[in-house]
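Residue numbers start at 1 and run along the sequence shown. All values below were derived from every heavy atom in this structure, side-chain atoms included, with hydrogens, water molecules and symmetry-related copies excluded.
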Amino acid sequence: MNDLLTRDRRSSRLPESLSADQLLQAQVEIARCQLTGAREALIAARRRVVALEDAVENWQQLASGTRRGVRQ
């Protein structure tokens with residue numbers, strides 16, 4: 001199971017003795033924490049995509065340069 005999902009489930013366990021207002025506040029706070037984590041993961045994923053795009057472009061340039069060198 002996904003570690004993030006497991007951690008989210010554990011952090012969302014609340015005591016049964018909470019009032020309705022306390023339960024709602026706790027759930028709002030849990031959702032905010034999950035949103036923060038998701039945003040951080042998205043930022044990291046975007047950085048990874050940019051790095052991979054750069055790597056692919058570099059490999060393509062190398063391949064193109066190598067092909068031109070072989071033809072000459």
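- Enclosure of atom CD in Gln25 is not indicated, since only 12 or fewer non-hydrogen atoms of other residues, nucleotides or ligands lie within 6.0 angstrom.
- For the atom pair Leu35 CG and Leu42 CG, the distance stands at 10.5 Å (nearest 0.5 Å).
- Remark: the backbone N or O of Gly37 is not paired with any side-chain donor or acceptor of Glu40 at under 3.5 angstrom.
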Atom pairs and distances, donor-acceptor, side-chain atoms in residues 44-64, under 3.5 Å, two or more places apart:
residue: Glu57; atom: OE2; partner: Gln61; partner atom: NE2; Å: 3.3
residue: Asn58; atom: ND2; partner: Asp54; partner atom: O; Å: 3.3
residue: Ser64; atom: OG; partner: Arg68; partner atom: NH2; Å: 3.2

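- Between Leu24 atom CG and Glu29 atom CD the span is 13.5 Å, to the nearest 0.5 Å.
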